J.: 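There's a structure below that I have some questions on.
Order of appearance sets the numbers: ligands from 1, and atoms from 1 within every ligand. These numbers were taken from a predicted model, which means no experiment stands behind them.
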Amino acid sequence: MEVGPVDTSWHPRAACRGADPELFYPRGRGSAGVARARRICKACPTRQLCLDAALAVPHALDYGIWAGTTREQRRRMRQDRAA
Ligand code: SF4
């Protein structure tokens, strides 16, 4: 999949800026970190932009918590959008 230039202008407003990256890239499933990351995402002013990026950028599809979603959730969303 070819991806054009990625808009990162919203990054400075992201609620996760300065947060522990381990929360958003947890090593184990169902970790407490996932719940904490989701709480941060829930209040994030750039959540929709983050989700759009996560569905558009291939590496974002496969790793971490983006916009409060898991890899599996994003894969389903992407399939739904393609259908
Ligand atoms: S929605 Fe995206 S930008 Fe906002 S806190 Fe969550 S991971 Fe960070």
J.: Hey, quick one: are I40 and W66 part of the same hydrophobic cluster, counting side-chain heavy atoms closer than 4.5 Å, chains of contacts allowed?
T.: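 In one cluster with I40: W66, yes.
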J.: Going by an N to O cut-off under 4.0 Å, is there a salt bridge joining R74 and D62?
T.: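 The answer is no: the pair does not qualify as a salt bridge.
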J.: Got a sec, which pairs hit side chain to side chain donor-acceptor pair (under 3.5 Å) with one end in residues 32-42, sequence neighbours left out?
T.: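 Every pair satisfying side chain to side chain donor-acceptor pair (under 3.5 Å) with a residue in residues 32-42: R38-Q73.
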J.: At distances under 2.8 Å, what protein N, O or S atoms surround atom 6 (Fe) of ligand 1?
T.: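 Listed by chain and number, the nearby protein N, O or S atoms are C41 SG.
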J.: Report, in ascending order of atom number, the atoms of ligand 1 lying under 4.0 Å from any heavy atom of W10.
T.: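 What qualifies from ligand 1 is 3 (S).
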J.: About how many Å separate OG1 of T69 and CG of L55, when rounded to the nearest 0.5 Å?
T.: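 Atom-to-atom, L55:CG and T69:OG1 are 7.0 Å apart.
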J.: Are the side chains of P45 and W10 in touch, meaning some heavy atoms are under 4.5 Å apart?
T.: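 A side-chain contact under 4.5 Å is absent here.
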J.: What do you reckon, is OH of Y25 surrounded by more than 12 foreign heavy atoms closer than 6.0 Å?
T.: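 Yes - once you tally the heavy atoms of other residues, nucleotides and ligands closer than 6.0 Å, there are more than 12.
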